[in-house]
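Computed over heavy atoms, backbone and side chain alike; hydrogens, waters and symmetry mates excluded. Naming convention: chains lettered A, B, ... in sequence-line order (proteins, then strands); numbering from 1 in each chain.
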Number of protein chains: 2
Amino acid sequence: MVTIEDVARHAGVATSTVSYALSGKRSISEQTRQRVERAVEELGYRPHAGARALASARTNTLGLMLPLRPGVDVRVVMEFVTGIVTRARAFDHDVLLVTQAEDAALERLAHGRMVDALILMDVEAADSRLARAAALGSPTILIGLPDDPQGLQCVDFDFAAAARLAVRHLSDLGHTSIGLIGPPPSVVERGTTFAERLLAGFHGGAERLGLTAHVELTPPTHAGALAAVEALRRLDETPTALIVHNEAALPSVVDSLQMHGVRIPADVSLVAICPADVAQSQSQPITFIDIPAESIGAVAVEMAMARLDRPDAPVETRLLRPTLSEGSSTAPRLTP
Amino acid sequence: MVTIEDVARHAGVATSTVSYALSGKRSISEQTRQRVERAVEELGYRPHAGARALASARTNTLGLMLPLRPGVDVRVVMEFVTGIVTRARAFDHDVLLVTQAEDAALERLAHGRMVDALILMDVEAADSRLARAAALGSPTILIGLPDDPQGLQCVDFDFAAAARLAVRHLSDLGHTSIGLIGPPPSVVERGTTFAERLLAGFHGGAERLGLTAHVELTPPTHAGALAAVEALRRLDETPTALIVHNEAALPSVVDSLQMHGVRIPADVSLVAICPADVAQSQSQPITFIDIPAESIGAVAVEMAMARLDRPDAPVETRLLRPTLSEGSSTAPRLTP
DNA sequence: GTGAAAGCGCTAACAT
DNA sequence: ATGTTAGCGCTTTCAC
């Protein structure tokens, strides 16, 4: 193995000079820097990660705890992972993966000095991991918005604002009765706060604008989507606009409307709140509000890095603002 | 931070005794072992991963290179990841994630002594990573079966055997004309060898049994599935049995047959080759051959571990054998 | 069965 | 601007 001493000898300098030339932590004459770099190149030197971690108390590794329970949408999980890994590399960090299933994983990573910081995905309203994470002393970022963050940093999509934005868009088009095809009941029961926040935004927005609002929590199955659509159509004041916050059900909802001979957007306007690629893979261009999972992951990494730089910076929660992309699934309400 | 010296002092023994008591690498009297364990417990000691890696040349970490390119089925990717992480933990190893997108990732992990072994997912027929991986000197396991494994270990599902098994099952039921709804053309073009192997098994099996065989490479879209089904039904000798190896298209194929008034299995028998959960989420219980992604991941880890134990053990390729689970989508052919 | 001590390869004072 | 050196916390000889 090529060590820093080999490089120093080869370049005719001290080991510390090599270290500093590589880290840039003190000024080095251009000449020696070049000699060092050449030596590194010629010998194919790579710093030993363990040695570096031992000496510097920095691992350049981030711990990521993934949910692998049934019922989570793996496409979204992968988007988070992509955003996290990509952004971490930009900060010269790697990502160590652990699963929710392993009980002592957080302690192992933090106390064993395997990672500089932790990112927890899929945080619920009352999450038993939080108290333990807060006790670790490692910078920890939560993806999600628990009832009590216990002093930890949070990042998430602003689901309430997304719902309000969707409602306002439809209201502006003249719709006065709006249906929401919501997430599965199981998601709500599980205590995932994004569902609550979305519902709060939906009801709050509708009330403020004087609209009639109906909600159908919808299992992510074809039959579930069908039933939800039918339930909404059976109402006295049948909604002329639909908000779909359920990526699994979206295709079935569209199908189901077509089956009933309901035209989009002539008879019903439709706004989806889902990852952009889901909306864009529909046969008709859907008006949608993107759930930017990859960006959320990237922001989580940035927050972790900021915390490592300035450990006593104020703790904050960041909520990513929604944007609506217009497709051909929304139109002004036809006055009857 | 609690160090091994703290533990030694607390237990009244030498640091080496603590180390050995914990690793079991030399015999320790029952009494001192207990004293050490108590001290570990009381102080909450966790070995420093970097220090351990530096001293022992072992990181207890596995590197996993994931494909994040568009077009890979993320559900299957997540199944691999689950199998790998879970099995790695059983061997007291963690998993470090890198993406295909980063060019020098393999060298970084291996030469920087960040991992003990590497697992490469989604290996293609002619994969540029292989030569570089072979040059690393780290144990490397390939998931997939390239044309030239360059001396590296491989593990994959036996797609050829799966196709033969499906063909034989249908032949045994009296079917003489079989259609294959295959993977997207893009997958075949990309040089993913599983598609080739499946096609070879399909044609070989059909020929040996004297059956008529037709293939439709099928984009993973509703329209693609529809077109494929219609193409097969337009043939002179319309197939009375279908093999679907395209998890994205499976639901659409089933829908499309229903739309045409084709009953399963009365008019057409259907065998799917796909992950079990995809088959089981259909409304009708489909006869299927599972693609056991999680098991493949677990086996990859086992191969890596075996190699670390015995670095000069013979290199092998492991192909997981298919099993067919009967549902209600296959039935004897009605003799006209 | 146990202890003492020499590194593992690096960083970061402390020198000059 | 560069060199010297004392650790970081652990494993593993070597010695008893």
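- Dense packing is recorded around CD of B:Glu316, with more than 12 heavy atoms of other residues, nucleotides or ligands lying under 6.0 Å away.
- Think of the region where chain A sits on DNA chain C: with heavy atoms and a 4.0 Å cut, that region ends 5' and 3' at C:dG9 to C:dC14.
- Counting only distance, with no hydrogens or angles, the side chain of A:Thr193 and the backbone of A:Leu145 share a donor-acceptor pair below 3.5 Å.
- The stretch residues 2-20 of chain A touches DNA chain D through A:Gly12, A:Val13, A:Ala14, A:Thr15, A:Ser16, A:Thr17, each having a heavy atom under 4.0 angstrom from the strand.
- A search for side-chain hydrogen bond (donor to acceptor under 3.5 Å, both in side chains) contacts involving A:Thr32 returns A:Ser29, not counting sequence neighbours.
- Salt-bridge annotation for B:Glu102 and B:Arg108: present, with a side-chain N of the basic residue lying under 4.0 Å from a carboxylate O of the acidic one.
- The pair B:Asp156-B:Arg318 fails the salt-bridge criterion, with no side-chain N (NZ, NE, NH1 or NH2) lying under 4.0 Å from an Asp/Glu carboxylate O.
- The backbone N or O of A:Val187 lies less than 3.5 Å from a partner atom in the side chain of A:Thr192, making a donor-acceptor pair.
- A donor-acceptor pair under 3.5 Å is formed between the side chain of A:Arg307 and the backbone N or O of A:Ala313.
- Non-hydrogen atoms lying under 4.0 Å from DNA chain D are contributed by B:Lys25, B:Arg26, all within residues 22-36 of chain B.
- The backbone N or O of B:Ala276 lies less than 3.5 Å from a partner atom in the side chain of B:Asp290, making a donor-acceptor pair.
- To the nearest angstrom, C1' of D:dG7 lies 9 Å from CG of A:Leu54.
- Listed for the B:Asp116 side chain is a donor-acceptor partner under 3.5 Å among the backbone atoms of B:Asn60.
- Look at B:Asp73 and A:Arg75 and you find no salt bridge, because none of the NZ, NE, NH1 or NH2 atoms lies under 4.0 Å from a carboxylate O.
- For B:Asp127, the side-chain hydrogen bond (donor to acceptor under 3.5 Å, both in side chains) partners at least two apart in sequence or on another chain are B:Arg129.
- For the helix from C:dG1-D:dC16 to C:dT16-D:dA1, the angle separating the two terminal helix axes comes to 30°, with each axis derived from five pairs and the value rounded to 10°.
- Around the CD atom of B:Glu30, the shell of radius 6.0 Å holds more than 12 heavy atoms that belong to other residues, nucleotides or ligands.
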